[in-house]
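Single-structure report; data block below.
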Amino acid sequence: MTAEILSLSLQLSMPEIILAVGALALLMIGVFSGDKSAPTVTGLAVALLAVAGLWLIFMPGEGVAYGGAFKLDSFGRFMKVLALIGSITAMVMSVGHAKSDQLNRFEFPVLLVLSTLGMLLLISANDLIAFYLALELMSLALYVIAAFNRDSLRSTEAGLKYFVLGALSSGMMLYGMSLVYGFTGNTGFEGIAKVLSAETRGLGLIFGMVFVLAGACFKISAVPFHMWTPDVYEGAPTPVTAFFAAGPKVAAMAILVRIASDAFLPIIADWRQIIVFVSIASMLLGSFAAIGQRNIKRLMAYSSIGHMGYALVGLAAGSETGVSGVVLYMTIYMVMTLGTFACIMAMRRKEGGNVENVDDLAGLSSTKPFMAVVLTALMFSMAGIPPLAGFFAKYFVFVAAIEAKLYALAVIGVLSSVVGAYYYLRIVKLMWFDEAKGEFARISGELRLVFGLSGLFVTAYVLIGGPIGTAASAAAKSFF
């Protein structure tokens, strides 16, 4: 590698370098200052993520780095900024809950920064080895923060379940990667695509692709790799769950799109069948399994499974319109989810302690009218009711499916969306028409800011959606 190529590689990967060096510096600050430095380290971590995001937005430059293992394009840039926004928001939301959830230790923000570093590397991965290393960097930090509250049996159980099932999915993925390498002789995505274009694919390669896609589907909690999601969402501290639901989902969906649209595009007929099956199964399970849930975090887990199914509808189309729909869907999904989790974190009784039962939202309109209005807008948006943001998210992925002649997939998606609307509307009914069981404690400023901005985004999307849609289309052009 010449000095010029190394210089270009360092420039393209500067946001990742900023986070890596910054995380080590924050770790040193924490080690030498002790746990009393937790608020300082959290503030510096937020600043670090913001600097990385600003670098991505304002510093131009695209290309391939480190011998083809790292790729920065408009798709990667968009998804990285989205993942960073999710991480910053989740970290800010955790500030008020740090003490009650035993998160007031300097290791917590450092782990979030390291996990975010893994996300950025994952989004830019252009090689199977880079893909695996980035995924593990992201995941190892997630396993730890899921079990961060060591005094909570639920938190410890959540971390252990996530770790065991995550290790299983990593093993499956590695096996798949070894098969893909064995049958193509390449680990780089472009090299794999070139071999697949020139030769007929063998059965062993198809097996390898299935295992690789299965590992990626585990990270976005798509059926049938969703089994960890409800238990981990419920057991992990709520700020950690909010983090899980935002950045890691964006990064995992990004690499799923990249590997399907870059490495396996020549065999689209093979992977489309897998994506269609996973999409339909996720939409149906997410819609029906959530109906009986009483814990709001478990309900959000099944809702998340359903939403990943809708996002995969766009990927199944295998077109520029489809990828643009996926990018738009993930943007709107992340905003809706973070806003909803800000409301869930605000469910705290005056006499002390958070509550997580859906029925605890009864009569919210009479005790906390602003929160009730925002949560109503977010629930309507998740249900896909026009003219809110969630409607446009579903509309664009279904349009892409219809253009690709996947009519059955689009019809099943619309029908499962109707079923899913039931449990969102049930929450709205509880807030506006049931008697209040008691009043929640005063809501902290950061939570009010997050769910206020989320509510504004979903209601005003029809006015501000144009530039976001243009950016999503530009991101999709990276592959076609």
Side-chain angles (χ1 to χ4, degrees), residues 1 5-6 9 12-13 16 63-73 75-76 79 117-140 165-220 222 224-225 248 251-275 277-278 312 315-316 318 323 478-480:
M1 187 182 287
I5 294 173
L6 180 60
S9 296
L12 289 175
S13 61
E16 286 81 359
V64 177
Y66 303 112
F70 182 96
K71 185 177 185 180
L72 183 62
D73 50 16
F75 173 78
M79 297 304 267
L117 169 61
M119 291 176 214
L120 300 195
L121 290 169
L122 186 61
I123 292 167
S124 277
N126 196 40
D127 181 280
L128 292 176
I129 298 170
F131 171 17
Y132 179 73
L133 292 174
L135 187 73
E136 288 306 295
L137 176 59
M138 178 183 87
S139 300
L140 287 171
L165 292 170
L168 178 67
S169 79
S170 293
M172 286 167 55
M173 183 184 283
L174 272 180
Y175 178 58
M177 287 177 177
S178 68
L179 285 173
V180 171
Y181 173 69
F183 281 89
T184 63
N186 285 277
T187 56
F189 292 172
E190 279 90 354
I192 293 168
K194 200 175 288 183
V195 171
L196 292 178
S197 301
E199 301 174 9
T200 54
R201 86 287 188 279
L203 185 63
L205 178 72
I206 298 301
F207 270 103
M209 181 192 69
V210 169
F211 280 118
V212 171
L213 294 180
C217 285
F218 176 89
K219 291 301 172 191
I220 61 167
F225 313 101
M253 184 61 79
I255 192 62
L256 195 54
V257 170
R258 193 179 288 285
I259 200 166
S261 304
D262 265 355
F264 297 131
L265 191 62
I267 53 170
I268 183 172
D270 293 302
W271 62 253
R272 178 180 275 164
Q273 296 173 44
I274 301 164
I275 298 297
F277 167 76
V278 169
L312 288 173
L315 178 58
V323 173
S478 302
F479 301 110
F480 301 97

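Side-chain atoms are counted along with the backbone in the values below, which use heavy atoms only and exclude waters and symmetry mates. Owing to the predicted nature of the structure, the values given are computational and were not obtained by experimental measurement.
Counting heavy atoms from C-beta outward, I192 and I259 have side chains that stay 4.5 Å or more apart. You'll find the side chain of L205 stays beyond 4.5 Å of the side chain of L179, heavy atoms only. Side-chain contact check for L133 versus L121: every heavy-atom pair is 4.5 Å or farther apart. The shortest distance between side-chain heavy atoms of F75 and V257 falls below 4.5 Å. The closest side-chain heavy-atom distance from K71 to L12 is not below 4.5 Å. Residues I255 and L135 form no side-chain contact, since every pair of their non-hydrogen atoms from C-beta on lies 4.5 Å or further apart. D73 has its side chain within reach of R258: a pair of non-hydrogen atoms, C-beta onward, lies under 4.5 Å apart.
Nearest heavy-atom pair, P248 versus M138, reported as atom, atom and distance to 0.1 Å: CA-SD, 4.0 Å. The two residues G318 and W271 make their nearest non-hydrogen contact at CA-CH2, 4.2 Å. In terms of heavy-atom proximity, A193 sits nearest to P266 at O-CG, 3.5 Å. Annotation for A254 and I123: closest pair CB-CG1, 3.9 Å, computed over non-hydrogen atoms. For the residue pair M173 and A216, the shortest heavy atom distance occurs at CE-N, 3.4 Å.
Between the side chains of S169 and K219, not a single donor N or O lies within less than 3.5 Å of an accepting N or O.
Here the side chain of S124 pairs no donor or acceptor atom with the backbone of F70 at under 3.5 angstrom. The backbone N or O of G188 lies less than 3.5 Å from no partner atom in the side chain of N186, so there is not a single donor-acceptor pair. Of the possible polar contacts, none joining the S261 side chain to the F479 backbone as a donor-acceptor pair under 3.5 Å is found.
Every ring-ring contact (aromatic ring centres under 6.0 Å, His included) that F218 has, sequence neighbours left out, goes to W228.
A distance of 5.0 Å separates CD1 of I275 from CG of L256, quoted to the nearest 0.5 Å. In this structure, D270 CG and M209 CE are separated by 5.0 Å, a value rounded to the nearest 0.5 Å. From M177, atom CE reaches atom CZ of F131 across 4.5 Å, with rounding to the nearest 0.5 Å. Atoms CD1 and CG, on I274 and L312 in that order, are 12.0 Å from each other to the nearest 0.5 Å. A distance of 12.5 Å separates CE in M253 from CG in L122, rounded to the nearest 0.5 Å. Between the CG atom in L315 and the CG atom in L213 there is a gap of 8.5 Å [rounded to 0.5 Å].
Within the structure, every pair that satisfies the ring pair (Phe, Tyr, Trp, His ring centres under 6.0 Å) test and touches residues 167-201, not counting sequence neighbours, is listed here: Y175-F211.
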Does Y66 form a side-chain contact (heavy atoms from CB on, under 4.5 Å) with N126? I'd like the steps, not just the answer. CA-CA 10 Å; Y66 303 112; N126 196 40; over 6 Å; no

